[in-house]
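Chain letters run A, B, ... following the sequence lines, proteins first, then strands; residues in each count from 1.
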Number of protein chains: 2
Amino acid sequence: MNVAIIGLGNIGGSFAKSIRASLPNYKIYAIDIDTNTLSIAKSIGLIDDGSDDFKEIIPKADLIIFSVYPKLLSQLIKNYIPYLKDGAIITDVTGVKSSVIDEIEPMLPDNVDFVFGHPMAGRENRGLEFSSREVFIGANYLITPTPRNKEENINFLKDFVKQLGFGSISVITPDFHDEVIGFTSQLAHVIAISLINSDDENRNTKKYTGDSYRDLTRITNINEKLWPELFMMNKSHLLKHIDNFKSQLDKLTLAIEADDVETMEKMMLESTKRYLDLHSLNEK
Amino acid sequence: MNVAIIGLGNIGGSFAKSIRASLPNYKIYAIDIDTNTLSIAKSIGLIDDGSDDFKEIIPKADLIIFSVYPKLLSQLIKNYIPYLKDGAIITDVTGVKSSVIDEIEPMLPDNVDFVFGHPMAGRENRGLEFSSREVFIGANYLITPTPRNKEENINFLKDFVKQLGFGSISVITPDFHDEVIGFTSQLAHVIAISLINSDDENRNTKKYTGDSYRDLTRITNINEKLWPELFMMNKSHLLKHIDNFKSQLDKLTLAIEADDVETMEKMMLESTKRYLDLHSLNEK
C-alpha cells in the first residue's frame, strides 16, 4: 500500500509517524511546498520519498491523506485529478465537512473514492516538529460518508485509523459533524480567544494565574489563517452555539447579581454531572 | 515550629505533604471534623497528631493554616481566639480577600498576626486523597498584607511558601487580589460552567470532543458549596470581568456574522501574542 500525505505539518507528520509505527508494510510518500521539511523527513526515515511536485507522487498513491487548509484542498484536488490512480482512496482532516464536500464531490472522477474524515487530535502548534504518534492514541475520529462512497472504502478507513490507535471512531453525517464540531471545537476557540483578549494587559496577569486560566486559554495560540475559514464555513451552526452559550452565561450572571445561591448550586451540580459523564468514556 | 493545619482536605493535605518533604523539623498537627482522615494521616506519618477538638491543637501552634471554606473561617477563628498562642502567625488559602479580611481583622487580639494568602494551585477534587506536593511546585502564591501585619511575619510567610516550592510569590493589596482573581479564576469558572451546560445532551458529545473542549471544561467538576460563596464575595469585580468578556465575545461574533476576516485575524494574532506572553513566564 502506497500512501501519500499532502502537507507534512503537525497532522500530516503525525499520520506519517503513526503509519510508520503501526503499519510497517506501507510506503509513505509526502508532498509539501517546504522541500527542507521533506528532506529532513526522508533522512530520518519517516517517509520513503517526498517531493514538491505532485506528479511524482500522486500517480502511485493507493491512499491519499490531505492535511492542508480547507481552501487549499479543493485547489489541489483539481490539479491532481488527471493523475489519480484508478481505485485510489482519498481522505482529509478538515474540521468542517458540508461545504467542503459540496465543493469537492462534483469534481471527482468515478474511479476514485473520497471518504471524508476528521481526526480530533492535536493541532495547537504548526509544523512537523510538533507532530507525534501519541496525540492520535485514544483520540476520537469522525468519518462523514456520502452516498457516493463505497462501503468497503468506508470500512477501510475505519480499520486504518483504528490501527493507528484512534479510540472512538464515529460514522456520522456531514451536517451532524458540523453541528457537533461547531460546539466542541469552534465554540471553544471563540470563547478562549474572547477570554484572553478581555484581559487587562496592565496588570501582568501571568503572575496571578492558576490551572483554570491556563486550561481555558491553552488553545489561544491559534492559526489565524485557518480558523476564520473554519468559522465562516460553519457559520450557522457556530452562531447558534454561541447563542446557547450566551444564554447560560446570562443565566449564571443574573444569579450572581441576585445572590441567587439556589440557581448557582443547581448550575454547578449540572456542570459536575456533565463533567463526570464526559470523563466516564475518556477514561475507558 | 509547630504548624496546625485546619481542614485536611486537598489543599490542607498538600500543605502537610509539602511541609513534611521540605521542612522536616516542623511538627505538623491537623484539625478536621473527619477523624478517620486524621487517623489515616497520622498512621502514614503525614501528621504528628490530629484532633477534631481544636483545644488540643491550637494552644501549641506557632503557625496556623486555615484551609476551609470562607464562611467557616470566620466562625472558627472566633472560637479559637481565646486559645491562640502568643505570637502565633495565622494564614489562610481563601480565594477572595477583601470581604474576608474585613470580617476577621476586627476580631483578632493584638498578640497574633493573620497574614492572608492564596496558593494558586489544585483544588479540582475534594479530599486528602487528591492532595499532593507536586501541585505547589512552581505555582503562583499571592500574599495580601494589611497595615496590621508585621513586616517580619509577611517575610516569614514568603520564605515558608518559597521553601514549599511555590514559584512566583506576589505581595499585593487585597482589592487588587480580588480584581485579578475575579478574572483568572472566577471568570474562568463562570465560562466553563456556561459552556458545558450549553451542550445539547441528546447528541452524546463525548464521542466528538478533542483537547479543546476537554481543556475548557476541566474545571466544571465544581464544588457547589464553595463557589457561589466566592462569586458573591467578589461580585463587583466578577461582574465587570464578565462584561468585558462578553464585549470581546460580541465583537468576534459580529465578525463571524459579517465574514469579517480582517477583524478575526486581528483578534487571533492578539490572542496568540497574549498566549506566548503567558507562557514565557510559566516555562521558566
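Heavy atoms only, all atoms of each residue included: A:Q248 and B:S194 are closest at CB-O, 3.5 Å.
With B:T272 contributing its side chain and A:I222 its backbone, the two residues share a donor-acceptor pair below 3.5 Å. Remark: the backbone N or O of A:R218 is not paired with any side-chain donor or acceptor of B:D215 at under 3.5 angstrom. Although no hydrogens or angles enter the test, the distance criterion places a donor-acceptor pair under 3.5 Å between the side chain of A:K235 and the main chain of B:E257. B:S271 places a side-chain N or O within donor-acceptor distance of the main-chain N or O of A:T220, the cut-off being under 3.5 Å. One N or O on the side chain of A:N140 and one on the backbone of B:K207 form a donor-acceptor pair closer than 3.5 Å.
With respect to B:E179 and A:R203, a salt bridge is recorded, a charged nitrogen being found less than 4.0 Å from a carboxylate O. A salt bridge is absent between A:E224 and B:K266; no separation between the charged side-chain nitrogens and carboxylate oxygens falls under 4.0 Å. By the 4.0 Å N-to-carboxylate-O rule, A:D250 lies close enough to B:K246 to be salt-bridged with it.
The most heavy-atom pairs under 4.5 Å with chain A, out of B:G210, B:S185, B:S198, come from B:S198. For the set A:D199, A:L142, A:D200, A:I169, the entry with the most heavy-atom pairs within less than 4.5 Å of chain B is A:D199. Chain B forms more heavy-atom pairs under 4.5 Å with one residue of A:F231, A:F183, A:Y141 than with any other, namely A:F183. Of the listed residues (A:N204, A:L195, A:T205, A:V261), the one with the most heavy-atom contacts under 4.5 Å to chain B is A:L195. Ranking B:L252, B:L187, B:D243 against chain A, the residue ahead of the rest is B:L252, based on heavy-atom pairs under 4.5 Å. When each of A:T263, A:L238, A:L249, A:T217 is scored by its heavy-atom pairs under 4.5 Å with chain B, the top score falls to A:L249. Of the listed residues B:H177, B:M267, B:K251, the one with more heavy-atom pairs under 4.5 angstrom with chain A than any other is B:M267. Of the listed residues B:S212, B:A255, B:A192, B:A139, the one with more heavy-atom pairs under 4.5 angstrom with chain A than any other is B:S212. Heavy-atom pairs under 4.5 Å with chain B peak, among A:M264, A:E229, A:E265, at A:E265.
In this structure, the side chains of A:S280 and B:K206 come closer than 4.5 Å at one or more pairs of heavy atoms. Here the side chains of A:L278 and B:Y213 are in contact, with some heavy-atom distance below 4.5 Å. Contact of the B:K273 side chain with the A:E201 side chain is registered, since non-hydrogen atoms from C-beta on lie closer than 4.5 Å. Looking at B:V190 and A:I256, their side chains come closer than 4.5 Å, going by heavy atoms from C-beta outward.
Heavy atoms of A:L216 lying under 4.5 Å from chain B belong to its backbone as well as its side chain. B:S170 touches chain A through its side chain: at least one heavy atom from C-beta onward sits under 4.5 Å away, while N, CA, C and O do not. Interface remark: B:H189 contributes side-chain atoms only to the contact with chain A (heavy atom separation under 4.5 Å). If you measure heavy-atom distances from B:I181 to chain A, the contacts under 4.5 Å come from the side chain alone. Within the 4.5 angstrom heavy-atom criterion, atoms from both the backbone and the side chain of B:I196 approach chain A.
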I would like to know whether A:F245 and B:N197 meet side chain to side chain contact (heavy atoms under 4.5 Å, CB included); could you show each step before the answer?
CA-CA 8 Å; A:F245 166 72; B:N197 284 354; over 6 Å; no
With side chain to side chain contact (heavy atoms under 4.5 Å, CB included) as the test, would you mind laying out the steps for B:T209 and A:M120 before giving the verdict?
CA-CA 7 Å; B:T209 57; A:M120 300 289 294; 5.5 Å; no
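Separating the CE atom in B:M268 from the CG atom in A:L226 is a distance of 8.5 Å, to the nearest 0.5 Å. The CG atom of B:D211 sits 11.0 Å away from the OG1 atom of A:T184 when rounded to the nearest 0.5 Å. Distance check, rounded to the nearest 0.5 Å: CG of B:D260 to CE of A:M232 gives 9.0 Å.
Note that A:R214 lies outside the cation-pi zone of B:Y275, set by a 6.0 Å cut-off to the ring centre and a 45° limit from the axis.
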